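What follows is a short report on a single structure.
For ligands, and for the atoms within them, numbers begin at 1 and follow the listed sequence. Small disclaimer: the values here were computed from a predicted structure and weren't measured. Numbering of residues begins at 1 and proceeds along the displayed sequence.
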Amino acid sequence: MKDVFKQPRVAVIGAGMAGLACAERLLAQGWPVTVFDKGRGPGGRMATRRVTVPSGTGPSGTENGSAADVTLRFDHGAQYFTARDPRFRARVDDWIAVGAAAPWTGGIVRLTRDGAIEHSPGERFVGIPGMSGPTRLLADTTRPRSGIRVAEVTAGEDGWRLRDEKGIDLGEYDRVAVAVPSPQAVPLLAESPDLAYRAASAVMAGCWAVMARFDRPLDIPHDGAFVVGSPLSWIARDSSKPGRASQVGETWVLHGSPEWSEAHIEDQAGDVANRLLEAFRAIAGAAVPEPSHLAAHRWRFSIPTRGIDTECLYDPERGLGACGDWCLGGRVEGAFLSGLALAERMIGAG
Ligand SMILES: Cc1cc2nc3c(=O)[nH]c(=O)nc-3n(C[C@H](O)[C@H](O)[C@H](O)COP(=O)(O)OP(=O)(O)OC[C@H]3O[C@@H](n4cnc5c(N)ncnc54)[C@H](O)[C@@H]3O)c2cc1C
C-alpha cells in the first residue's frame, strides 16, 4: 500500500470537524484527498437545523396569523466551542476574521441541585450564521462528496478499496482516515483488529435535542445554563448568539442529559419534545408559554462519555487511521486537533 515515489491518495470518511481538519492539512501537503460524508452537507455534529414556519403561528405550529413564512435556525448539536490550544485558537481567529465565527458573550450559568445559580465564566465561540459556519468554510477547500455512506474498507491489490452500502465502488486509496463517531468507526476499521478494538473501547452517549420557538421573549435572566438533577443537562437561548439577529421571537435549544436521553433513546420525538418542555418549565417556572414551534432531534452518538485518551489511531504500515472527538477531549476543539494529529502522523510516516 505504500509507494514512496508518488503522493499517496487519501480517502477521508466523515466531513465533521475532525475529517475536514485532517483533509485540509493533507491537501496543504499536496496529497490528493477525497472526503466522503453520508450527510446532506458537511459539519456532522456542528449542525444547524433550518425550519420554515408561518410568521404568525399558534401553539405547536398551528397557523393563526399572516401567511408570510420565516426561517428559523437552531444549533441543535454542538452549542459553542472553546479554543484553548494555540493551534486551534489561531484557526478560530481566522474564522472570526472572515465572519465564520464569533465570540458568544451571553450570560451562562450553572443551575445547581439546591436551586443556586452559579456564574459559569469562560471564553466561548459560535459559528456564524450557525454552528456549521467553520465547517462550511473548511469544506470550501476540501470539497467533500456528500450523501455517500462508506460501508466497506477492504484491502485490495493496490491499496484500500472503498464501497458504499449498495456495494458501489468508491475507488482505491493508499491511505484511509476514518473520521466518524467511534461506534460507526469500528466496522470501517475491521481490517485492522487492533484499531477496531481500541475504537470499540470508546463509549458515546445519545442526546435528545429539543428546538423551541416562542413568539415573545422569555423572562429568563441567563442565555445558557448547565442543569443538574433534571432530565435536561443544558438549556440555551439560541437566538442570543451573534449572527442570529434575523430570528423572530426567541429560539431555545434544550438538551436531554446523557442518562435521560439514553433511557428514552427509542421514544417518539413528539413525546420527548413535550417531556423535555415540561422539564424546562420545572426549571424556569411560569415563564415558559406554549411554543409556536416545537421539535426534537435524536443524536444517537452525541459526546463520548469515555474517550480513548490518545490524539488519534494510526497503523503506519497499512496506512489506516482514525480520528475524532472520541480520541481527544470530546469536543469541537478536540475533534480539530485529532484530525490534525492524524494528518501529521500520515505525513510523518510518508
Ligand atoms: C447535542 C450535542 C451537543 C454538543 N455540545 C458541544 C459543545 O457545546 N461544545 C463542543 O465543543 N462540542 C459539543 N458537542 C460535540 C461536538 O459536536 C463534537 O465533538 C464534534 O463536532 C465532533 O466532530 P467529529 O468530526 O469528530 O465528528 P462528527 O461531527 O460526528 O462528524 C462525523 C461525520 O461522519 C459522517 N459519517 C458517519 N459515518 C459515515 C459513513 N459510514 N460514511 C460517510 N460518512 C459518515 C457523519 O455524517 C458526520 O458528518 C456536542 C455534540 C452534540 C451532538
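With salt bridges taken as basic N to acidic carboxylate O contacts below 4.0 Å, none links Arg298 and Asp267.
For ligand 1, the polar-atom distance check against Asp37 finds a nitrogen or oxygen pair separated by under 3.5 Å. Residue Pro181 has no N or O atom closer than 3.5 Å to an N or O atom of ligand 1. Considering backbone and side-chain atoms alike, Lys38 places an N or O below 3.5 Å from some N or O of ligand 1. Checked against a 3.5 angstrom limit, the closest N/O atoms of Ser302 and ligand 1 fall outside it. On a distance-only criterion, Met17 and ligand 1 share at least one N/O pair closer than 3.5 Å.
Residue Asp325 holds the heavy atom nearest to atom 26 (O) of ligand 1 of all those in Asp325, Val178, Thr135, Leu328.
Using a distance-only test at 3.5 Å, with no hydrogens or angles considered, a donor-acceptor pair links the side chain of Ser261 to the main chain of Trp208.
The aromatic rings of Phe88 and Phe336 are tilted relative to each other, their planes meeting at an angle between 30° and 60°.
The proximity of Gln184 to ligand 1, defined as any non-hydrogen pair under 4.0 Å, is limited to the side chain. Under 4.0 angstrom from ligand 1, there are no non-hydrogen atoms of Thr82.
Within the listing of ligand 1, atoms 33 (C), 34 (O), 35 (C) sit less than 4.0 angstrom from a heavy atom of Gly14.
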Pairs of donor and acceptor atoms involving the side chains of residues 115-131, under 3.5 Å and at least two apart or interchain, shall be tabulated with distances.
residue: Ser120; atom: OG; partner: Arg124; partner atom: NH2; Å: 2.9
residue: Glu123; atom: OE1; partner: Arg89; partner atom: NH1; Å: 2.8
residue: Glu123; atom: OE2; partner: Arg89; partner atom: NH1; Å: 3.3
residue: Arg124; atom: NH1; partner: Ser120; partner atom: O; Å: 3.0
residue: Arg124; atom: NH2; partner: Ser120; partner atom: O; Å: 3.3

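In this model, a donor atom of one side chain and an acceptor atom of the other lie less than 3.5 Å apart for Ser292 and Asp215.
Of the protein's non-hydrogen atoms, the one nearest atom 50 (C) of ligand 1 is Ala78 CA, 3.6 Å. Among all protein heavy atoms, the one lying closest to atom 23 (O) of ligand 1 is Ala335 CB, 3.5 Å.
Each side chain to side chain donor-acceptor pair (under 3.5 Å) pair with one or both residues in residues 129-141, not counting sequence neighbours, appears once here: Thr48-Ser132.
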